[in-house]
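The model shown is predicted, which means the values in this text are computed figures rather than measured ones.
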Amino acid sequence: MKHLIRTAAALAFATAALPAFAATDTPVGKWKTIDDKTHEVKSIVEITENHGLLEGKVLEVLKSDKGPHPVCDECDGDRKGKPIEGMTIMWGLKKDGDEWSGGQILDPAKGKIYKVTLKLEDGGKKLDVHGYIGFSLIGRSQEWVRAE
């Protein structure tokens, strides 16, 4: 009887831990964006899944050269002059092997849109965000750190 109770307790514990393990095999969640030059945390971005595609929205700008609550002065179209907080800056990514690709990312500081790939690292604690024009071999990467 004790063996049955121990087994049931272990199974309950393992089942309760599954959501925590599952969260590390997908970029879905909140991320601290790290400036690739200064290595400072710049913002918090939340990545969500919408109809099988990933998108990222800026929840909070923590450090900006334009002061608190910056707007996207360099953006074109509907985004021009809009607050960066609350703005969707990444969209259209789908799983492709061990990475996510096929999407685009906006650099609000420059107002430019790039192709983007995402790859989880360090057991899902870090995210390599690679923006590029043309070929993915040429471009710029940032390391984001899971905020949760």
Side-chain angles (χ1 to χ4, degrees), residues 9-148:
L11 184 60
F13 177 74
T15 304
L18 280 177
F21 291 123
T24 60
D25 66 354
T26 174
V28 171
K30 293 179 185 172
W31 296 89
K32 296 176 187 176
T33 67
I34 311 294
D35 186 280
D36 49 322
K37 294 176 185 165
T38 66
H39 305 289
E40 295 179 309
V41 177
K42 300 276 283 192
S43 64
I44 304 293
V45 172
E46 182 174 31
I47 298 176
T48 58
E49 186 175 337
N50 189 5
H51 301 294
L53 299 176
L54 298 183
E55 57 185 43
K57 180 187 286 190
V58 177
L59 295 181
E60 185 178 4
V61 175
L62 303 171
K63 185 162 181 67
S64 168
D65 295 337
K66 297 180 180 181
H69 311 294
V71 296
C72 199
D73 292 326
E74 303 298 323
C75 290
D76 293 329
D78 293 343
R79 292 185 181 95
K80 181 141 185 89
K82 296 285 169 61
I84 294 171
E85 290 175 332
M87 184 177 288
T88 298
I89 61 161
M90 188 168 49
W91 58 90
L93 289 131
K94 60 184 171 248
K95 188 153 177 59
D96 181 18
D98 64 346
E99 64 182 31
W100 287 260
S101 63
Q104 296 181 305
I105 190 167
L106 166 71
D107 178 352
K110 296 180 181 178
K112 301 221 183 269
I113 296 174
Y114 303 93
K115 294 177 182 178
V116 66
T117 59
L118 305 178
K119 187 168 184 169
L120 289 167
E121 297 178 341
D122 196 15
K125 295 177 188 171
K126 295 180 181 176
L127 185 65
D128 178 68
V129 180
H130 184 71
Y132 62 96
I133 296 173
F135 300 102
S136 66
L137 295 174
I138 303 169
R140 186 174 121 202
S141 288
Q142 278 190 342
E143 183 178 86
W144 293 3
V145 177
R146 198 175 288 275
E148 299 172 318

ask   = Does the side chain of Ile34 reach to within under 4.5 Å of the side chain of Val41, using non-hydrogen atoms?
value = yes

remark   = Minimal heavy-atom distance between Arg146 and Val28, with the atoms involved, is NH1-O, 3.2 Å

ask   = Do Leu106 and Met87 come within less than 4.5 Å of each other through their side chains, counting heavy atoms only?
value = yes

task = Kindly give the heavy-atom pair with the smallest separation between Gly134 and Lys115, and that separation in Å.
result = O-NZ, 3.7 Å

message = Between Asp73 and Lys66 (salt bridge meaning N to carboxylate O under 4.0 Å), is one present in this structure?
response = yes

ask   = Heavy atoms, side chains only, cut-off 4.5 Å: are Met90 and Leu118 in contact?
value = yes

ask   = Taking all non-hydrogen atoms of both residues, which atom of Lys94 and which atom of Leu53 are closest, and how far apart?
value = CB-CD2, 3.8 Å

ask   = Is there a side-chain contact between Val129 and Val116, using heavy atoms and a 4.5 Å cut-off?
value = yes

note = Separation between CZ (Arg140) and CG (Asp107), nearest 0.5 Å, reads 5.5 Å

request  = Any chance you could measure Ile47, atom CD1, to Trp144, atom CH2, to the nearest 0.5 Å?
outcome  = 5.5 Å

Shortest non-hydrogen contact between Asp25 and Leu120, atoms and distance = C-CD1, 3.4 Å

request  = Determine whether Tyr132 and Thr117 make a side-chain contact, defined as any pair of heavy atoms from C-beta on separated by less than 4.5 Å.
outcome  = yes

query = Under 6.0 Å from the NZ atom of Lys119, do we count more than 12 heavy atoms belonging to anything else shown?
reply = no

ask   = Within the side chain of Ser43, is there an N or O that forms a donor-acceptor pair under 3.5 Å with the backbone of Thr33?
value = no

key: Identified side chain to side chain contact (heavy atoms under 4.5 Å, CB included) partner of Glu55 from the options Ile89, Leu93, Asn50   = Asn50

ask   = At what distance, to the nearest 0.5 angstrom, does CD of Glu46 lie from OG1 of Thr88?
value = 10.5 Å

ask   = Shortest non-hydrogen contact from Glu74 to Pro108?
value = CB-O, 4.4 Å

query = Could you give the distance from NZ (Lys95) to CD (Glu49), rounded to the nearest 0.5 Å?
reply = 10.5 Å

ask   = Atom CD in Glu143, atom NZ in Lys125: separation rounded to 0.5 Å?
value = 12.5 Å

message = Between Glu85 (side chain only) and Val61 (backbone N and O only), is there a donor and an acceptor less than 3.5 Å apart?
response = yes

task = Report, as yes or no, whether the 6.0 Å neighbourhood of atom NZ on Lys112 holds more than 12 heavy atoms from other residues, nucleotides or ligands.
result = no

CG on Asp35 to NZ on Lys42, rounded to 0.5 Å = 5.0 Å

request  = Mind listing the closest non-hydrogen atom pair of Ile133 and Tyr114 along with its distance?
outcome  = CG1-CD2, 3.5 Å

message = Can you confirm whether Arg79 sits close enough to Ile113 that some side-chain heavy atom of one is under 4.5 Å from a side-chain heavy atom of the other?
response = yes

ask   = Taking the side chain as C-beta and beyond, is there a heavy-atom pair between Val45 and Lys57 under 4.5 Å?
value = no

task = Check whether any side-chain heavy atom of His130 lies under 4.5 Å from a side-chain heavy atom of Glu99, and answer yes or no.
result = no

